[in-house]
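The block underneath contains the structure these notes are about, expressed in C-alpha cells.
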Amino acid sequence: MITGHTRLVAVIGAPVRHSRSPVIHNAAFAAAQLDWVYVALEVPPGRGAEAIRALPVLGLTGVNVTMPHKADAARACDELTPVARALGSVNTVVVRDDGSCFGASTDGEGFLRALADEGLDPAGRSVLVLGAGGAARAVAEALVRVGAEVAVASRRPEAAREVAAAIPGVEPRPWPSGAAGDAEIVVNATPIGMGDDPTVPLPPLAGQWIVDLVYHPLETNFLREAMECGAKAIGGLGMLVHQAALAFELWTGVSAPLEAMRDAARSAQ
Ligand code: NAP
C-alpha cells in the first residue's frame, strides 16, 4: 500500500513511457519488502538539470536518468563517481541525506556483470564495439578498464574518433563492410535489430562472442545468426537487469533481488 511514508524514486527522460525500469524496480521493491515506489517522469529536453535540482526539494530518494538528460544530469550533480566523471554522463542519481546529489553510471559495470554471468572475461581480448552513442561509450570505457583491446566503429567516422579521444585506449574504426575477422568479441551498441527491424549490423563468425545490447526482442536476428554459425551469443537483458540492480543497491543499500528483476524484465517484453 502506498502511504505518506512510501519512498519515491523515478526515471526521468523524453520519451520515457516505454521504459521497462518501473516494472523492474517495483518488482524489486516488492521482492525486498521495501516500502518504495518507482514511477516514470517525462521531463522535456533541456530541463534535465532543473529536474535533478528539484529532487531534494521534492524529497525523492533518487532517479534513473535516460535520454536526453544524461549529460545535463552529470553537470547538475554535486559529486560523480570516477566513471560518471570520465563519461560525462549519469544514469543513476542518489539524493543524500544532506540534499546533495551523487551521480553514477551503472551501464558499464552492468555490461561486465552480464558478460561474467555467461562466463566471458573480456580481459586481454579484442573487442569491436559497433556504435558511438551513450551505451557504446559506457561499454568501451568498462572494457578498457578491465584490460580488453577495444575498437569502436561508427557509421559517421567522426563519432568513433570522438569516443577514442574521450576514452584513452580506444581505437577508432570505420564501419565494417563485412565480418570483423580480427575481433574475438563484437558488441552491437546501435539500435539495429530493435523492435521489428530484421537487419543485423554485420555477419557473425564461428568462434566469436556476439553481444547485442538490444533487449527488445530478447533474441535479435544478430543473436540468431550467431548461434546458427557457431558463435556464442549474449543478449541485452542481462545488462538491463544488472545496471538496474546496481542502481537499486546505490539507493537502498540492500542487495538487489536479481531473479525477481530478471523475471520482471522478461515479462515486460
Ligand atoms: P544512442 O546514444 O542514440 O547511440 C546510438 C548509436 O547507434 C549512434 O552511434 C548511432 O549513430 C548508431 N546507429 C543508429 N542507427 C544506426 C544504423 N542503422 N547503422 C549504424 N549505426 C547506427 O543510443 P544508446 O543509448 O547508445 O543505445 C544504443 C542501443 O543500446 C539501443 O538499442 C539501446 O536500447 C541499447 N541499450 C541497451 C542497454 C541494456 O541495458 N541492454 C543499455 C543502454 C542501451 P549516429 O550517431 O550516426 O546516429
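One-based numbering, in listed order, for ligands and for the atoms of each.
- A donor-acceptor pair under 3.5 Å is absent between the side-chain atoms of Glu249 and the main chain of Leu246, judged by distance alone.
- In this structure, OG1 on Thr61 lies 9.5 Å from CG on Leu55, to the nearest 0.5 angstrom.
- Taking a heavy-atom cut-off of under 4.0 Å, ligand 1 is surrounded by Gly131, Ala132, Gly133, Gly134, Ala135, Arg155, Arg156, Trp175, Ala189, Thr190, Pro191, Ile192, Met194, Leu213, Val214, Tyr215, Gly236, Met239, Leu240.
- Gln208 places a side-chain N or O within donor-acceptor distance of the main-chain N or O of Ala180, the cut-off being under 3.5 Å.
- For Ala265, the side-chain contact (heavy atoms from CB on, under 4.5 Å) partners are Ile24, Leu237, Leu240, Val241, not counting sequence neighbours.
- Counting only distance, with no hydrogens or angles, the side chain of Trp209 and the backbone of Pro122 share no donor-acceptor pair below 3.5 Å.
- The backbone N or O of Arg96 sits nowhere less than 3.5 Å from a side-chain atom of Ser100 that would complete a donor-acceptor pair.
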